[in-house]
Structure formats: C-alpha cells, structure tokens
Amino acid sequence: MSIDNFNIGRHRWLTHLLFWSMYILVFTGVHSDGDDGWRYYFTIELMGLPGAVLVAYMNMYVLFPWLFVHKRYGWYIISAIVLLFAASLMNRVLSECVFEPVFLSETTHRDDIFVWYFLLKAMLWFLSPVLMFTLVLRIFKQSYYQEQHQQELAREKLGAELNFLKAQVHPHFLFNTLNNLYSLTLQASPVAPVVVLKLSELMSYMLYDAQLAGIALDKEISHIQNYIQLEQLRYGNRLDVSLNVSGDTGLRQVAPLLLIPFVENAFKHGVSNETDAVWVTIDIKVKGDWLQVKVENSHTDLVEDTPAPANLCNGIGLQNVVRRLMLLYPQAHELQQKKEPGRYTVDLKIKLPG
C-alpha cells in the first residue's frame, strides 16, 4: 500500500485540512484548563496556528531534506531552534497587532511583543510538539519509501534473473530436440514429420505459454507428454516409459518449464548412452497443497548409494531449475537426488499457492 493512499479521496489538501482541524481541536482540549471556556481557548489556538503551520512545512520541506537527510544534525538543531523562535515571534506579532485587537479586544490589553516568557512558552509548549511530530512523520515516510524502493529493486532483479534462467532453458531444450530430429532425418525415418509436428507444439508452448509467470499444471504435463512421445519415436521398442498422473491437477498452477529439465535429464543420462533396453518412470501427483514429482531412470553404472542433492546438478538445465526453485519457491520446496546401482532418482516436492 502506498502512503498516497492515506490521502482523503487522493486529495492532499483535504488531508492537510483535516490534520490542522484535528490539531486545533486536540490542543484546545489539552490547554483548556482555565475558567475562560472552550471558545476562548479555541480562539487562542487559532491565533497560534500560523506559527505551527510555518514550523510544520518548513521542517518537512526545507530543514528535513536539506539538513537532516544529509546527516547535518548540528545545523538541523540550530536551524530548528531559529525556526521555533521565528514562528513564536510571528505569532506574537499577529496576536498583539491583529488577533487580540479584533477578537479579544474586551478581555485583553496590549503587551510588548518581546516578552521572553511568552516567546519561550510558545516555542516549548506549542511549537516543539509540531516540530517533533513532523520530524517523526518525515522519518517514517522516508523509511517507507526506501523500503518500497528496495523491494522494487529486489523484484526487478528477481524478474531479470528468472527471465535469464528461463531463456537459457529454451535453447538448451531446443538443441537436444533438434539433435533427435537430425538423427531421424539421417536415417530417412518416416516418423520425422511426426517429430516436426511435436516439435512445433513444443516450440509454441515455449514461445507463448512459457512467458507467463504461472501455467496450468495440466499444460506443463502435456508439454512433458509431447517430449516423451518424441523420445519414444526416437528410441522405439527398447525404451519403456511410464507416466503416471494423479490428484487434482486441473486447477493448480506451476512455473512453466520447471519440470521438463528433470525429465530431459532422465533421457539424456539414462537412455541416450545405453544400447540395451532402458526405462524411465515419471510420477506426478497433487496431494493437498503439494505437488510431488518423482523421476526415475535406468543406468548401468554400479555405484554405492550416494545421496548428493547438490553435486549431481552439473548440467545447464538442472543448474537452472535448481536456481529457479530457490527463487520461485523459497522455503516451499524439497529436492532430493539419489544415484544407486542401476537407478537414478529425482524426488521433487513443491508447495503450491492456494
């Protein structure tokens, strides 16, 4: 919420008018401790209003930005004292020469302007609270705008980084898909036109849908299905792929191109380098507010169980998706990767917004 929203009907003059009306009423109530009645003290406060206005606006728009903001505190204190004295003196001149002769001629008599008791009393009792209030108000307003500015810079930086990471996903994914198509055209495969059609659908997704901040989970799953079909056309019968989807995926949204790098990685490292029968299993499930994605693929490297969530993200695609997860779902995702004999597993959980 912007501070400007606190203005009445977005009109600053109405806000200021209300403030000074409340100022007169509050100080009338505070100072009306005698027997002269509320009307008398209201008139007294009204006579002191010009000095209060001078202190308020000079402090907010001159002393604060020129001295206080630049940490020239000594000069600010001296200037504030001079301002208080000038405002008090102005009120004395207006009171003795204008207001009292006009409004209180029957109850008051003419005094000297330079009566130090009255000058100091006005400075300390009437005008200092105005100075302190406007100082606190300006400090608060400056802090608020600085915080808003920092948040805006953080949002812009986050958006730029996410766009950069997303832009890296596109050529990386396209490069692998074109390699697949190139292999099929070398073989004069009759499925090459089907590959071109699927590639067109993938490119449409990446050019249009992927530009959005969030995409329907069903669309992301369809994107994965198109990719799987391309890989099935490439590897034929020696590839066994299983895609299982469960839960309410229709009304959920997820960041685009967030899941495909894990699927792509399964084919790249678990299938492309193998000559025997290979398999890939993908489980996508929505349970409550959580999206659970488990991708497993076969491989022939015989190693001991080595959970290494960070060290296994060596490819460009996986490095990007891990970074995007940190930026888009901070404290709202879990990513585990495990390499064991004959099997490589990625287990991702994301807490989806309600």
Side-chain angles (χ1 to χ4, degrees), residues 3-4 6-8 11-145:
I3 284 183
D4 294 334
F6 290 103
N7 290 329
I8 300 174
H11 295 294
R12 295 184 64 185
W13 68 271
L14 283 176
T15 306
H16 287 237
L17 180 62
L18 177 63
F19 169 79
W20 289 115
S21 299
M22 293 300 299
Y23 166 83
I24 292 176
L25 293 177
V26 169
F27 272 83
T28 298
V30 170
H31 297 144
S32 59
D33 56 355
D35 299 326
D36 295 312
W38 183 86
R39 184 176 179 180
Y40 170 81
Y41 285 99
F42 178 81
T43 304
I44 295 298
E45 296 300 333
L46 198 60
M47 289 191 300
L49 185 61
V53 172
L54 176 66
V55 169
Y57 292 112
M58 283 293 294
N59 186 42
M60 288 193 295
Y61 298 112
V62 178
L63 300 188
F64 183 84
W66 290 5
L67 299 175
F68 194 91
V69 170
H70 298 288
K71 300 182 179 181
R72 301 170 66 181
Y73 300 126
W75 282 108
Y76 174 80
I77 293 174
I78 294 173
S79 300
I81 294 174
V82 172
L83 174 63
L84 291 174
F85 178 78
S88 179
L89 182 61
M90 182 183 73
N91 278 351
R92 286 287 301 157
V93 172
L94 292 175
S95 176
E96 294 297 330
C97 300
V98 179
F99 292 116
E100 289 187 3
V102 174
F103 299 104
L104 301 173
S105 58
E106 298 180 357
T107 59
T108 60
H109 60 276
R110 184 72 177 268
D111 291 320
D112 292 335
I113 292 176
F114 284 95
V115 177
W116 290 103
Y117 169 77
F118 291 131
L119 290 172
L120 293 177
K121 179 181 179 181
M123 288 174 61
L124 297 176
W125 187 242
F126 294 96
L127 300 176
S128 291
V130 177
L131 181 78
M132 295 304 300
F133 176 79
T134 53
L135 176 61
V136 171
L137 182 65
R138 288 292 287 173
I139 291 175
F140 169 76
K141 189 173 183 179
Q142 183 190 40
S143 300
Y144 175 84
Y145 281 129

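This chain uses plain numbering: 1 for the first residue, then up along the sequence.
With rounding to the nearest 0.5 Å, the separation of CG in L46 from CD1 in I24 is 5.0 Å. To the nearest 0.5 Å, atoms OH (Y23) and CZ (F126) are separated by 8.0 Å. Note that the CG atom of L94 and the CE atom of M47 stand 10.0 Å from one another [nearest 0.5 Å].
Of all heavy-atom pairs spanning M60 and R138, the tightest one is O-NE, 3.1 Å. The shortest heavy-atom contact between A87 and L127 is CB-CD1, 3.7 Å. Nearest heavy atoms, N91 versus A52: ND2-N, 4.5 Å. Across V130 and A56, no two heavy atoms sit closer than the pair CG1-CB, 3.9 Å. Heavy-atom minimum distance, F85 versus M123: CA-SD, 3.7 Å.
Every residue meeting the side chain to side chain donor-acceptor pair (under 3.5 Å) condition with Y57, not counting sequence neighbours, appears here in chain and number order: H16, W20. Remark: Y73 engages F68 in a ring pair (Phe, Tyr, Trp, His ring centres under 6.0 Å) (not counting sequence neighbours). Evaluation of the ring pair (Phe, Tyr, Trp, His ring centres under 6.0 Å) rule for F19 yields F133 as partners, not counting sequence neighbours. In terms of the side chain to side chain contact (heavy atoms under 4.5 Å, CB included) criterion, residue partners of I77 (sequence neighbours excluded) are, by chain and number, I81. Evaluation of the side chain to side chain donor-acceptor pair (under 3.5 Å) rule for W66 yields no partner, not counting sequence neighbours.
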Trace of the side-chain contact (heavy atoms from CB on, under 4.5 Å) decision for L124 with L84: CA-CA 8 Å; L124 297 176; L84 291 174; over 6 Å; no
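For T134 (side chain) and L131 (main-chain N/O), a donor-acceptor pair under 3.5 Å exists by modelled atom type.
Contacts classified as side chain to side chain donor-acceptor pair (under 3.5 Å) and involving residues 76-90 (residues at least two apart or in different chains) are given here: N59-Y76.
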